[in-house]
Participant: 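Submitted below is the structure of interest, expressed as structure tokens.
Residue numbering restarts at 1 for every chain, and letters A, B, ... go by the order of the sequence lines.
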Amino acid sequence: MAYQLYRNTTSGNSLQESLEELIRGSLNIYRFCDNVWTFVLNDVEFREVTELIKVDKVKIVACDGKNSGSNTTE
Amino acid sequence: MIFLAEGMAKAALGRYWRKSPDLRAKQLLSWRRSAVIAAGERPLPCGLLPRSPLSPFLLVTRGLGAEFRVPSPALHWVPGGCGSLAWAGAEAQGTDPRAPARPLLARTPARPRLANCARGADKRPVRHARSLDLSCSSTRLGAPLFRLPALLTLGPPPMEEEQAYLELYLDQCAAQDDLAPPRSLLLSPVVPDDGYIPNTSNSETVFNSHLEEVKASGHFSSVDLSFLPDELTQENKDQSVIRSKQDIEENCETPGQQSRMLLPREQDVGLGLISGSTLLNSHSQVYPGDADPVQPSPEKPNCTPLMSITPMTPVTPVSECSGIVPQLQNIVSTVNLACKLDLKKIALHAKNAEYNPKRFAAVIMRIREPRTTALIFSSGKMVCTGAKSEEQSRLAARKYARVVQKLGFPARFLDFKIQNMVGSCDVRFPIRLEGLVLTHQQFSSYEPELFPGLIYRMVKPRIVLLIFVSGKVVLTGAKERSEIYEAFENIYPILKGFKKA
């Protein structure tokens, strides 16, 4: 399943999924290097059962790990 | 020749040139539509490969001329091969009161001419596979007004073809839609011929210089990409030079088909307006000198004379052409940035980039406008996909090159080439794929258990079509937009033959 993204790109006919996300959602920048994903989102709303947090800018750094991905927010 | 006031025409053309290429194409269409409708004729039906449009200046003048009866009988001296069905019809019917109706050539007046079509080396129009010939009687011959003349030149350069094809097909669609033509440009008081000649020459010089200047600047890309100096400007210069050379050659090859009524293509600004001015001048004379036709190609004096026009085949009826334009969905192009790249640095510093060397040895970068994806390799070569037009693909590739350059690499822009174009359309009726594969088995392969579409490999042009039961058609494998259109025009009558009852 993880190969599907690259199967598309190796054929040269990349899907525009990331850009669809950019247009539809609030994803500003994405990056993937050294197995680390970095996302920058704008105007994000974190909703939990009890509370709601609104943020102008969110940077998500995600690593692929055997245990879990780590997230930091600023 | 009836004309707008010089200021109005200039303003109209100024507005025209300030538009983007897409809007310009639409403006050309609307002018052309008005002219054609005012002349009481249909737009050119398909079945023939279309040609390039007139320059906007000429379109405006033609459009205006279509509105009013030209008092001079000079227009009747159009030889048979000059694309004026109206004149041919007028001669046949004898309805025009003005003309002594002395044909320039010894030819039957009742033969309509195909003005706006491609011509082969023998000057016969190049036809699509299944277009029919029609007699003169089936064409609509309206009042002997100035019909929008067409351009009988061979092989327009690719840049103009997109406009030409767009224009042609939007014309057909517009004719079907019964749009009210915009009249603002065409409404003007009747001005006597004689008094206007000096004005037109002034307009012409103004427009001529304006058009030449715009042409020289490489008007396609509106983004300032001057940071890529060498190859960009060189490419533009080369293209302009090549285009003008083609124009000169083509104008020489088909001089007989160019009368004072016809004008060369848009790029050939100088020659076109020379022709235009002689044409306009001739209108003020009672009888223009046949011995002194327009010199369409002064550079090559050894062209065949006006007398050698071959008759044009009649126009195919509108019902024969599909009226459907395939829409481009994807364009794949390649370019060489001509420097080694550090992909990791690019992936770390560029926005919207992915790089996973274990999976794929390239950076995958995306931009929003035009919405495209690029694969950038460490050799410096790049593939750009996802654009919807040739110009968008080129612009996107330049933007990627700019990103790479801003990261500190000495990127250039060499050998931009479109590798593949994909188009799609809908014929709007269900298709019997089984029947199609039986009769066209040497071209088709249809395995419904493998893939629900029939794969039709057309030989000329070399295009692969995916044809589905619903009537949707995908065309791919083209290097040029015209190949997509030609392939669809070839397949449409075949598909009609396999319409599901």
Side-chain angles (χ1 to χ4, degrees), chain A residues 1-47 52-74, chain B residues 329-335 341-377 381-388 392-393 396-397 399-400 403 407 417-422 424 474 476-477:
Chain A
M1 200 171 67
Y3 298 85
Q4 266 184 357
L5 170 69
Y6 297 100
R7 199 169 287 151
N8 284 333
T9 57
T10 52
S11 71
N13 295 320
S14 306
L15 296 176
Q16 307 299 322
E17 288 166 349
S18 300
L19 274 175
E20 302 283 351
E21 195 55 44
L22 282 167
I23 291 162
R24 255 186 278 129
S26 55
L27 174 65
N28 206 358
I29 304 164
Y30 65 88
R31 179 176 294 123
F32 180 67
C33 193
D34 293 331
N35 271 345
V36 175
W37 277 103
T38 308
F39 301 100
V40 175
L41 288 80
N42 291 109
D43 297 323
V44 186
E45 206 176 78
F46 291 95
R47 191 167 293 171
L52 180 71
I53 306 164
K54 284 200 182 159
V55 166
D56 273 344
K57 182 178 163 189
V58 174
K59 186 171 194 174
I60 298 175
V61 181
C63 299
D64 198 24
K66 291 206 168 125
N67 300 326
S68 59
S70 68
N71 289 326
T72 57
T73 313
E74 61 181 341
Chain B
Q329 303 293 344
N330 183 25
I331 309 231
V332 178
S333 58
T334 55
V335 73
L341 300 176
D342 180 0
L343 296 186
K344 190 150 168 187
K345 183 180 174 194
I346 293 175
L348 283 173
H349 292 90
K351 294 183 181 181
N352 303 327
E354 299 164 40
Y355 180 48
N356 195 355
K358 288 187 296 192
R359 300 262 190 274
F360 189 56
V363 167
I364 301 141
M365 197 186 297
R366 295 185 174 88
I367 55 171
R368 292 168 209 245
E369 182 55 48
R371 192 143 57 93
T372 49
T373 301
L375 308 177
I376 305 172
F377 294 84
K381 296 211 172 141
M382 182 168 77
V383 180
C384 175
T385 66
K388 300 280 191 197
Q392 281 188 4
S393 190
K399 287 191 177 178
Y400 288 114
V403 168
L407 287 172
K417 185 180 175 203
I418 289 175
Q419 302 289 355
N420 186 26
M421 299 173 76
V422 181
S424 71
V474 174
T476 184

Participant: Side chain to side chain donor-acceptor pair (under 3.5 Å) with B:K381: which residues, sequence neighbours excluded?
Facilitator: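 With neighbours one apart ignored, the set is empty.
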Participant: Let me know if B:A353 has heavy atoms under 4.5 Å from chain A in its side chain, its backbone, both or neither.
Facilitator: backbone
Participant: State the CG-CG distance between A:L27 and B:N352, to the nearest 0.5 angstrom.
Facilitator: 7.0 Å
Participant: Please determine whether side-chain contact (heavy atoms from CB on, under 4.5 Å) holds for the pair A:D34 and B:K344, giving the CA-CA distance in whole Å, both sets of side-chain angles, and the decisive distance to 0.1 Å.
Facilitator: CA-CA 9 Å; A:D34 293 331; B:K344 190 150 168 187; 3.2 Å; yes
Participant: Tell me, for B:A350 versus chain A, whether the close heavy atoms (under 4.5 Å) come from the side chain, the backbone, both or neither.
Facilitator: backbone
Participant: For a 4.5 angstrom cut-off between non-hydrogen side-chain atoms, does B:K358 reach A:N35?
Facilitator: yes
Participant: Using salt bridge (Lys or Arg N to Asp or Glu O under 4.0 Å) as the criterion, list what pairs up with A:K54, not counting sequence neighbours.
Facilitator: A:E45
Participant: NE2/B:H349 to SG/A:C33 distance, rounded to the nearest 0.5 angstrom?
Facilitator: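 So the NE2 of B:H349 and the SG of A:C33 are separated by 10.0 Å.
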